[in-house]
Every structure is written in structure tokens, then in C-alpha cells.
Amino acid sequence: MNESFFFIASLLPELVKGLQITLEISLVSFILGLGLAVILLPLRIYAPLPFSTLSRGYVELFRGTPLLVQLLLIYFGLPSLGLKLDAYTACVIAISLNSAAYQSEILRSAVKSIPEMQFLAAESLGFSTLQTYRHVILPQTLRTAIPALVNEMVTLVKESSLASVLGVVELTRRGEYLVAYTFRALEVYVAVALIYLAACTILSQAARGLEKKLRIPGYEKGVV
Amino acid sequence: MEQVLRVEGLKASYGGQEVLHGVNLTVQRGEKVVIMGPSGSGKSTLLKCIVHLIKPKSGRIILDGEDLSDGGVDLKKVRAKTGFVFQQYNLFPHMNVLRNLTLPLEVVKKVPRSEAEARALQLLKAFGLEEFAYKYPLQLSGGQQQRVAIARALIMDPVLLLLDEPTSALDPELRREVLETLVDIAKQGRSMLIVTHELDFAEAAADRILLMDKGVIVEEGEPWELLYRPKSEMARRFLVEIRAVVHHKPKS
Ligand SMILES: Nc1ncnc2c1ncn2[C@@H]1O[C@H](COP(=O)(O)OP(=O)(O)OP(=O)(O)O)[C@@H](O)[C@H]1O
Ligand SMILES: [Mg+2]
């Protein structure tokens, strides 16, 4: 037991290198996904039918198929269309596109909690639809959505382990390498799992702090 | 005298249900017009139609010389020329009081930040609200929020101020400060169209009162006329009712 403990500890420096790549992939994908979701959302709530159907179709497509299939399609499928991407880029693109679908759903349900009167108040001042979205609706939507968005970020940290399938040496893949030459699968994967757990716990915790910091002052009193 | 607002034969409906059945009214420049009427008579709908927050079914609205039924009219410009104060204040809760005032100036009127802030602070001071400039709306009392909302409407220097029951969401003690603010604004000669059941305010500040019922204006007159010598049975009954309700209200 004691020996196992020291063995696991000795793996840590190697695994932490993998964790860096894992966090990099998930953070970049999260931010790109959020950016795309922020663009998709107004299409969904304001745009005339063909556009809103289009963005709705996008969401259905990416939520209705496994992420692994999306990864494989982009990495192995696109080259036949003349687009050859390296594994890392393919992963970031696939995970971003996938996450954008989930994040735009998160934003869509958050936007529903914003009172209709906020739209009216902005319009009554002469704001255009886009100005209303940018200055009034989006900032409140993002605040409301923080807990769900953090959830999505945590999900990405875990789902990015699929990148190992394409050979990206992130945390899971590093674990596989270590197993390959130490032959101690149990300890190595326990260590890998613990690192994922720690990363996700810290993220959730940090998010709680962020949520508190960004909370609308006076909101505790309750909504008027 | 010059008309700042003219409404002719205005009809509006929700779904298939018509709720305004041909409303006519005018507001002269500098005039203060109060609209009263029972709940559901269409007062809020009328106010929203005037700036096309709800699209009217038919009729004409001429605001500051512009015919809104004209397809080419830029509604954003029209709305920027009018101020709208809602019953529930509707400040933007995620920005402080100062930003609530400067944002529309910057976004809509393209006033530079520093100038917008100077103007906002000056207005807040005039309202006795400068100590709240860096507070957030939900940290203020209802009365304070509503006065900020009035300031936000005024900072755009509107040709017409529309107010929809600005005091009815407030506790009686808080109404007074808002009413005093409104009386001050009225004295400064700004054109106002106000939905309110505050009889003291109507008497002190209104030039004319319109009484609405079931989607039409049933009676109109100067305050002394309408409040003390109403012609219609409907007006008499309505006044008896609101006098009973607001009996406990503090004198403004
Ligand atoms: N969004 C809506 N959808 C459907 N019907 C509505 C809507 N808003 C108002 N109505 C109906 O239109 C009529 C007029 O409503 P409006 O809000 O203009 O009345 P009001 O005079 O402002 O009443 P109150 O004094 O209660 O504010 C009412 O019969 C109301 O039920
Ligand atoms: Mg109303």
C-alpha cells in the first residue's frame, strides 16, 4: 500500500504535463464555444425563421451525435474533402463546435429568465435590437448562466479525454503511456482519475467565487 | 399652439382581441395630460402604441411632426425623442445608477463618455440622487429607483415624457418623493402624458385629464371640471371608487 502511494506520487510530474494539455484543450474549446454560442443566441431569439431554424438545426446536430464520432469525422473525414488538420487542432475544433451547441442551449434558457420589460425598457430608449442584446440582455444572461456554464467547462475537462483516441498526449494518453511501460494499470489510472477529480473540484470551487463576485449587487434582496 | 403628439383613430389588439377601439387625443407642446381609467381599459396599451412598443392595428400617430405610420420612419429615432417611465422602473440591474443614465446617451445619442457622465451627475444632483450614483438599482428603495428611471428618461431630453402609473408600485410613504419630482418636472414646462390615479398630482400639475374606459376615451376636461363636475355616469362612479381606494394616501 505504502509502496503504491509512492509509486503514484512518482507519476505525478509526468501526469501534470498531460493535465496542462487537457486544461488547454478544454479552456480554448470552452471559450471558442462560448463565442459561437453568443453569436448563435440572437439568431435563435430574434432572427426570422430560416436563420433560427438553421441555428436550431446546428444545436440538434451536435447534441444528437456522439462527440467521439464528431472527432473522428473531423480528423479522419475532412481530409477527403481536402482539409487535413493535425490531431490537436481537430480536437479543439470538434470540441468547440460541440460545446457551442450545449452552451447556446444554456444561454437560451438563461435568456428566458430575463424579464420581457428589460427588452422594452431598452427599446423605449431608442436602442436597436443588437444594442439591446449587447448591453442589456447578454450581460444579464451570462451572469444567470454562470453555474451552468461552469458545469459545461467541467464536462469539457472530462470529455477532452476523447482526444487521446486521436493520439493527442493529454492526461489520459499520458496515463496510457505510463501503463505501457510500468504495467501497473490500477495505480496509474487511479492517479489519472484523482487528477481529473482535483481539477474539476477546483474549477467548480473557483466558479462559485466568480459567481459571487459577478452577482448583481442588491440581488440578494430578491427580484422586484 | 403646436402639437407634440396627435393620435387619430388608434386601434390595437392582442391576438384577435381588440383592446383599443379608436382613440383620439392630442398633447400640445408643454402640456401635461393625465390619463385615468379602470384597470384593463387600455391605458398601458395606448402609451406603448404611441412609441410603437406595441404595433397598432390602425390609426395615425404624429409625434413631433413625424407620422409614425409612414413606413420610412426610424422608430429608434422616434423613441430616442420620447422618454418612457414604467410602473416597475425597469432599470438595468447589472449596471450602477450612473451607468444606467450614461448608457443610453452613449449608445443612442453617441455622446462621449466623459460628457455623458458629467451630464448624468448633474441630473442626479438635481434629483438629490448623487449619493446613489455608484450604487446598483436593486440596492435602492422603490421610490429611489423610480426617480432614477425618471432621470434616465429625462437625460435624453425628450420632447414628450410618457409615464405609466409611475407611483402605483410604491408604498404610500414612497410615493410622495416621486410625485414631488414629477411636479417639479411638470413646472419646467416639459410635455407629459401620464397614466396615474394620483388625484392630488392631477389637480396640481395636469392641464387636462382624459378618462378611458373599455378602449375608448369617454370624457375629457380640465382637472376642476373632470374631478368635480364629471358629466358621465361612468366618470362619477370611477371617481368615487378611486377616492375610496386612495383615501389613506399622504397629501403631496
Ligand atoms: N400582453 C397581453 N396579451 C393579451 N392581452 C393583453 C396583454 N396586455 C394587456 N392585455 C389586455 O388588454 C386590455 C388592456 O390592457 P392594458 O394593460 O392596456 O390596461 P390598463 O388600462 O393599463 O390596465 P391597468 O390599470 O391594470 O394597468 C386588457 O383587457 C388586458 O387584459
Ligand atoms: Mg397599465
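Residue numbers begin at 1 in each chain, while the letters A, B, ... track the order of the sequences.
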Should the pair B:R29-B:E2 be classified as a salt bridge under the 4.0 Å nitrogen-to-oxygen rule? yes
Taking every heavy-atom pair that is under 4.5 Å apart, which of B:V85, B:L103, B:V51 has the most such pairs with chain A? B:L103
In terms of heavy-atom proximity below 4.5 Å to chain B, should A:R134 be classed as side chain, backbone, both, or neither? neither
For A:Q131, is it the side chain, the backbone, both or neither that has a heavy atom under 4.5 Å from a heavy atom of chain B? side chain
Please report, to 0.1 Å, the donor-acceptor pairs under 3.5 Å made by any side chain of residues 105-113 of chain B, with sequence neighbours excluded.
residue, atom, partner, partner atom, Å
B:E106, OE1, B:R113, NE, 3.3
B:E106, OE2, B:R99, NH1, 3.1
B:E106, OE2, B:R113, NE, 2.9
B:K109, NZ, B:M156, O, 2.5
B:K110, NZ, B:V107, O, 2.8

Which atoms of B:L91 are under 4.5 Å from chain A, going by heavy atoms: the side chain, the backbone, both sets, or neither? backbone
Residues of residues 53-83 of chain B with any heavy atom under 4.5 Å of a heavy atom in chain A: B:L53, B:K76, B:R79, B:A80, B:T82
Quick one: sort the A:Y46 and A:Y133 rings into parallel, tilted or perpendicular, breaks at 30° and 60°. perpendicular
Closest approach of A:L15 and A:R174, non-hydrogen atoms and distance? CD2-CB, 4.1 Å
On the ring face of B:F84, is B:R152 found with NZ or CZ under 6.0 Å from the centre and within 45° of the axis? no
Report yes if the side chains of B:V195 and B:L47 come closer than 4.5 Å at any heavy-atom pair, otherwise no. yes
Do A:R208 and A:E211 meet the salt-bridge criterion of a basic N to acidic O distance under 4.0 Å? no
Tell me, side chain or backbone of B:F92 under 4.5 Å from chain A's heavy atoms, or both, or neither? both
Please determine if B:R175 and B:E173 form a salt bridge, counting it only when a charged side-chain N lies under 4.0 Å from a carboxylate O. no
